[in-house]
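Atoms considered below: every heavy atom in the structure, side chains included; atoms not considered: hydrogens, waters and symmetry mates. If you read the sequence from its start, that first residue is 1, and numbering goes on from there.
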Amino acid sequence: MKPNKFIALTVALGMAVTGYAQTCQPDEIAYKVKNEAFNNSKVEEIAQFMTDRLGGRLAASQMKLRAEEMVVDKLNELGLTNPRVEFATEFTKGGWDNLKNYVAMTAPYYCSFAANPKAWSGSTAGLVKGECVVVDVKNLSELSKYEGKLAGKIALMPEQRKYELSFRPMASRYTDEQLSEMTKDKRPSSRSWSRGSYDRTLQQAIDSMLAAEQVIAVVTGDGTFNIPGSRGVAYKVGDKEPLPQIVLPIEDHGRMVRLVNSGEKVEMELDIRNQFTDNQRINNVIAEIPGSDPKLKNEVVLIGAHLDSWHGGTGGADNASGCITMIEAMRILKELGVSPRRTIRLALWGGEEQGLYGSRGYVDNYLFDGESKKVKPGYDDFALYLNMDFGSGRFRGVYLEENDMAFPFFETWKKPFVSLGFDTLSPTKVGSTDHVNFSRLGLPAYQFIQDPLDYFRTYHTTMDTYERLSIDDLKVNAAIVAWLAYNAAMDSERIPVKPGFPSQLSDK
């Protein structure tokens, strides 16, 4: 083979392997990002703001509306462009806020409980007292045995969980072996999915019976270590106000169930006041660093996390941690005075906990018309979305949603942060958070691999507060987001949509 032909073949093969001419920004920029993130960090300040000052942020609640305005003011302070509250979509549940919460057992002895009213449940008529009855219904035929026996009583639902001693650590980080396993492609494996054993028809019948029998309140158990979980009830604006429903930790709930079942007379007193408001809107908070390239400035690199939380705590790990990281990433880039070619946009979503409402509304408004099955102009200008919603743990890599074309981009971009443990690229698809609304359209949208810490013990409970935040991990995460967003905004190429998109969307 002649030398010139060998050289031409080598170049062609190299292009075939890399696929796209992605580039990594200079080491000097990486140094500046790290220096700003680690030596001039504002993570602690933003963390206290997002948790202690904002409080709980249940979707459409008065507390959420308050938080939106306060966050816009904060983003203005940081000098971001056009911070604003944007309407995302309608929300028929409306707003709900807990204003008072007192729960105690008064017989056979007194004990006050850490309790959490279920969101969108009703209020008591001031301070009320009643005897507890265990309502254990396994099928529809058993409903009749409670007829005429529950008026003025407090319904204790049967135990669904019992405490089991665990020898697992309270918090953990991924091991090298676990991270290595994540890099394996699981697509050839068969998948199975099951809804479990939840009987919706039976539960609706029980709820109707309890309302008809005029019980004072319904008490369930959820959450361990004497910490109640956060949950909600079915409700939409215009419905009759639901019964007061209280969540107790399984230890307190289980104690009362066992006492009643052993023949003891158990009594409680409750004073629950909840406020319903006709706010049928889910909003997002948006801000930008505008693009500077005349040809690319309308293209968007999107970074985001959900601003809403459950009402029991202050949404520390879920998901103030994500908002802190994304706000700090924008602050870093703004402080460095970078001029990205593409626009870098921050989105703090509303209504994630109730069904990804905020990001779904963004998709409907900017990217894809579900009725006509046609993409909107924003679809072609969508460059990348980076999402954070798996707690406060350090980023270890990225779940790449089975998009093989994304690997060379992140392989190039991650190099300056490998020394900080950011080195794992997993082909795996993950769900249950906001990137899903973009990924289902074939767009490049990804969730980070994060050390679990104590997330699965504490999220969706009243324990989810400032104390669940790992400040040092969040500093690293913010630096990584700033770096990746800047690289994506500067690269002449961008991660392609998945093959077959968007044309196949018209068939769905």
query: Looking only at heavy atoms, which two atoms of S230 and D222 are closest? And how far apart?
result: N-OD2, 4.4 Å
message: Quick test of your reading of the model: are E181 and K186 salt-bridged, counting only N-O distances below 4.0 Å?
response: yes
task: Look at the side chain of T343 and the backbone N and O of K297, then say whether any donor-acceptor pair between them is shorter than 3.5 Å.
output: yes
For A320 against T51, the heavy-atom pair lying closest together: CB-CG2, 3.8 Å
- request: Give, for atom CG of L346 and atom OG1 of T81, the distance between the pair rounded to the nearest 0.5 Å.
  value: 12.0 Å
message: If we ignore hydrogens and angles and just use 3.5 Å, is the side chain of N101 paired with the main-chain N or O of A115 as donor and acceptor?
response: yes
message: Working to the nearest 0.5 angstrom, can you tell me the gap between N284 CG and T89 OG1?
response: 9.5 Å
message: I'd like to know if E68 and K64 make a salt bridge, using a cut-off of under 4.0 Å between side-chain N and carboxylate O.
response: yes
message: Any side-chain to backbone donor/acceptor pair from N319 onto M388? Under 3.5 Å, distance only.
response: yes
message: Ring centroids only, cut at 6.0 angstrom: are Y446 and F410 within range, meaning strictly under it?
response: yes
- prompt: Charged N to carboxylate O under 4.0 angstrom, D369 versus K376?
  reply: no
field: Check ion pair E328-K475 (N to O, under 4.0 angstrom)
entry: no
- prompt: To the nearest 0.5 Å, what is the distance between CZ (R331) and CG (L336)?
  reply: 8.5 Å
field: Step-by-step side-chain contact (heavy atoms from CB on, under 4.5 Å) determination, W120 to Q354
entry: CA-CA 12 Å; W120 293 283; Q354 281 64 50; 4.0 Å; yes
message: Is it the case that atom CG in D27 sees more than 12 heavy atoms from other parts of the structure closer than 6.0 Å?
response: no
- prompt: Is a donor on one side and an acceptor on the other found under 3.5 Å between the side chain of E44 and the backbone of I471?
  reply: no
query: Under 3.5 Å, is there a donor-acceptor pair between the side chain of Y379 and the main chain of L441?
result: yes
query: Is D97 salt-bridged to R66, going by a charged N under 4.0 Å from an acidic O?
result: no
- prompt: Regarding R345 and the six-membered ring of Y366, is the cationic atom NZ or CZ under 6.0 Å from the ring centre and inside 45° of its axis?
  reply: yes
message: Is a donor from one side chain sitting under 3.5 angstrom from an acceptor on the other, for D434 and H306?
response: no
- prompt: Any idea which heavy atoms bring I324 and A47 closest together, and the distance?
  reply: CD1-CA, 3.5 Å
query: Does atom CZ of R161 have more than 12 heavy-atom neighbours, drawn from other residues, nucleotides or ligands, at distances under 6.0 Å?
result: yes
message: I need the H311 NE2 to T462 OG1 distance, nearest 0.5 Å.
response: 9.5 Å
side-chain contact (heavy atoms from CB on, under 4.5 Å) evaluation trace for K118 with T220: CA-CA 10 Å; K118 287 189 178 181; T220 58; 3.6 Å; yes
field: Exceeds 12 heavy-atom contacts within 6.0 angstrom, atom CZ of F456
entry: no
message: Rounded to the nearest 0.5 Å, what separates atom CG in D423 from atom CZ in F417?
response: 13.0 Å
message: Given 3.5 Å as the limit, does a donor-acceptor pair link the side chain of E45 with the main chain of K42, or not?
response: no
query: If you measure only the distance, is there a donor-acceptor pair under 3.5 Å linking the side chains of D473 and S392?
result: no
- prompt: Going from CD on E251 to OG1 on T224, what distance comes out if it is rounded to the nearest 0.5 angstrom?
  reply: 6.0 Å
task: Using a strict cut-off of less than 4.0 Å between a Lys/Arg side-chain nitrogen and an Asp/Glu carboxylate oxygen, indicate whether E353 and R57 qualify as a salt bridge.
output: no
field: Donor-acceptor contact below 3.5 Å, side chain R394 vs main chain R173
entry: no
- prompt: Which atom pair, heavy atoms only, marks the closest approach of N98 to P117?
  reply: ND2-CG, 3.7 Å
- prompt: Which atom pair, heavy atoms only, marks the closest approach of W349 to Y385?
  reply: NE1-OH, 2.8 Å
- request: Decide yes or no for L367 and L443: does some side-chain heavy atom of the first lie under 4.5 Å from some side-chain heavy atom of the second?
  value: yes
- prompt: Within a radius of less than 6.0 Å around OH of Y31, do more than 12 heavy atoms belonging to other residues, nucleotides or ligands occur?
  reply: no
- prompt: Is there a donor-acceptor contact under 3.5 Å linking the side chains of N387 and T433?
  reply: yes
query: Side chain of K429, backbone of S439: donor and acceptor closer than 3.5 Å?
result: no
query: Between S359 and N437, do the side chains contain an N or O donor and an N or O acceptor separated by less than 3.5 Å?
result: yes
query: Sub-3.5 Å donor-acceptor pair from the side chain of D464 to the main-chain atoms of D318, do we have one?
result: yes
query: Is the backbone N or O of N82 less than 3.5 Å from a side-chain atom of R84, with the two atoms forming a donor-acceptor pair by type?
result: yes
query: Looking only at heavy atoms, what is the nearest atom pair of R341 and M490, with distance?
result: NH1-O, 3.0 Å
- prompt: Would you call the rings of Y459 and Y455 parallel, tilted or perpendicular, where under 30° means parallel and over 60° means perpendicular?
  reply: parallel
